*Asks:* 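My questions all concern the structure below.
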Amino acid sequence: MWWWDSLIDDKVRTAQQEGQFDNLRGAGRPFRWKDDSNDEDWLGNHLLHNAGVLPEWLQLRKEIAAERPAVREALDTYWLRRAELDPQDHRHAALLARLEAEYAARAREINRKIDEHNLRCPSLAHEMPRFPEDLIRRRLQRVCRS
């Protein structure tokens with residue numbers, strides 16, 4: 001037995017003696033197993049769910065969903081200001097460059113989380129698309145070619 005196994009056993013035994021397992025929800029009733037016996041992670045996910053803890057990839061998904069509007073707002077702000085300003089004026093060009101850099105930085109930051117999420121999620125169906133960090137530059141190049 002490993003040292004941490006005996007440490008865990010000691011902690012559980014102490015908690016039992018102190019009555020910390022008394023009056024738990026579902027105490028004395030048989031454990032309900034999910035019908036899908038193919039899901040090897042079910043018990044772990046069930047325990048995490050009941051404890052209010054999400055798997056890391058789902059926690060990242062929540063964070064990404066919360067941050068996504070800020071990235072979209074940075075992109076929208078750039079295009080709104082570009083419509084109002086003259087890109088030939090060097091002061092306006094500097095402001096637009098800062099707004100473009102702001103979008104790129106936010107996209108880079110959220111893309112790190114998206115990449116981590118995509119590495120940890122259980123299937124390709126759950127992967128999330130990245131924000132193109134050079135989206136503004138590519139759109140401007142397309143407009144200039146037209």
Side-chain angles (χ1 to χ4, degrees), residues 1-12 15-16 20-21 23-146:
M1 182 180 275
W2 295 92
W3 67 270
W4 61 81
D5 289 336
S6 45
L7 176 69
I8 292 169
D9 286 343
D10 291 344
K11 295 278 186 189
V12 168
Q16 283 175 326
Q20 293 179 12
F21 293 121
N23 302 321
L24 290 177
R25 187 181 64 169
R29 293 189 306 241
F31 189 77
R32 290 187 343 226
W33 287 95
K34 185 178 175 186
D35 291 339
D36 185 5
S37 59
N38 294 331
D39 188 0
E40 297 173 1
D41 296 329
W42 180 82
L43 180 58
N45 288 334
H46 175 76
L47 294 172
L48 290 173
H49 173 75
N50 285 347
V53 178
L54 290 175
E56 188 175 4
W57 70 276
L58 284 176
Q59 182 60 41
L60 283 166
R61 193 174 194 90
K62 283 179 72 172
E63 292 172 18
I64 292 164
E67 294 171 17
R68 190 175 287 274
V71 181
R72 293 290 313 169
E73 183 181 345
L75 182 62
D76 293 343
T77 299
Y78 174 86
W79 290 112
L80 287 172
R81 296 303 308 263
R82 182 165 177 86
E84 299 169 352
L85 301 173
D86 177 14
Q88 302 304 320
D89 181 333
H90 72 297
R91 290 172 297 170
H92 293 182
L95 176 59
L96 291 172
R98 281 196 305 273
L99 291 172
E100 182 179 352
E102 173 69 19
Y103 165 75
R106 287 180 186 257
R108 227 179 348 272
E109 185 178 317
I110 200 168
N111 282 342
R112 277 192 220 107
K113 287 186 179 185
I114 291 172
D115 291 343
E116 187 70 26
H117 168 272
N118 290 347
L119 285 172
R120 298 189 182 287
C121 70
S123 75
L124 292 173
H126 295 295
E127 287 191 3
M128 301 177 80
R130 300 176 91 241
F131 279 91
E133 296 168 23
D134 62 344
L135 180 62
I136 294 171
R137 184 157 293 139
R138 287 188 298 155
R139 285 186 183 172
L140 289 173
Q141 288 173 348
R142 254 188 282 152
V143 169
C144 291
R145 278 188 243 145
S146 299

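A quick note: this is a predicted structure, and the numbers were derived from the prediction, not measured.
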*Asks:* Enumerate the salt bridge (Lys or Arg N to Asp or Glu O under 4.0 Å) contacts for residues 47-62, please, sequence neighbours excluded, ordered by first and then second residue.
*Replies:*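 Salt bridge (Lys or Arg N to Asp or Glu O under 4.0 Å) check on residues 47-62 returns Glu56-Arg120.
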*Asks:* Applying side-chain hydrogen bond (donor to acceptor under 3.5 Å, both in side chains) as the test, list every pair that has at least one member in residues 64-74; sequence neighbours left out.
*Replies:* Glu67-Lys113
*Asks:* Name the orientation class of the two ring planes belonging to Phe131 and Tyr103 (parallel below 30°, tilted from 30 to 60°, perpendicular beyond 60°).
*Replies:* perpendicular
*Asks:* Please report the shortest heavy-atom distance between Glu100 and Tyr78, naming the atom on each side.
*Replies:* N-CD1, 3.8 Å
*Asks:* Please list, chain by chain and in numerical order, all residues satisfying ring pair (Phe, Tyr, Trp, His ring centres under 6.0 Å) with His92, sequence neighbours excluded.
*Replies:*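 Result, ring pair (Phe, Tyr, Trp, His ring centres under 6.0 Å) vs His92: none returned.
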*Asks:* Roughly how far, to the nearest 0.5 Å, is CG of Asp86 from CZ of Arg91?
*Replies:*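 So the gap between those two atoms works out to 10.0 Å.
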*Asks:* Got a second to check how far Leu140's CG is from Asp134's CG, nearest 0.5 Å?
*Replies:*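 CG of Asp134 is found 11.0 Å from CG of Leu140.
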*Asks:* Is the backbone of Met128 close enough, under 3.5 Å, to the side chain of Asn118 for a donor and an acceptor to pair up by distance?
*Replies:* yes
*Asks:* If you count heavy atoms of other groups shown closer than 6.0 angstrom to CZ of Arg138, is the number above 12?
*Replies:* yes
*Asks:* To the nearest 0.5 Å, what is the distance between CZ (Arg81) and CG (Asp76)?
*Replies:* 14.0 Å
*Asks:* Closest heavy-atom contact between His117 and Ile64?
*Replies:* CB-CD1, 4.0 Å
*Asks:* Using the side chain to side chain contact (heavy atoms under 4.5 Å, CB included) rule, pick out the option among Arg106, Arg108, Glu102 that qualifies with Val71.
*Replies:* Arg106
*Asks:* Hey, what do you get for CD (Glu127) to CD1 (Ile114), rounding to the nearest 0.5 Å?
*Replies:*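 Atom-to-atom, Glu127:CD and Ile114:CD1 are 11.0 Å apart.
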*Asks:* Say you draw a straight line from CG of Leu96 to CZ of Arg82; how long is it, rounded to the nearest 0.5 Å?
*Replies:*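 Interatomic distance, Leu96 CG to Arg82 CZ, rounded to 0.5 Å: 6.0 Å.
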*Asks:* Which pair of non-hydrogen atoms, one from Pro69 and one from Ala66, has the smallest distance, and what is that distance?
*Replies:*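 Smallest heavy-atom distance, with atoms named: CD-O, 3.4 Å.
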*Asks:* Might you point out which heavy atoms bring Ala93 and Pro87 nearest each other, and give the distance in Å?
*Replies:*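 Heavy atoms only, the tightest pair is CB-O, 3.5 Å.
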*Asks:* Restricting to non-hydrogen atoms, name the atom on Leu135 and the atom on Leu75 that form the minimum distance, rounded to 0.1 Å.
*Replies:* CD2-CD2, 3.6 Å
*Asks:* To the nearest 0.5 Å, tell me how far Glu116 CD sits from Trp57 CH2.
*Replies:* 13.5 Å
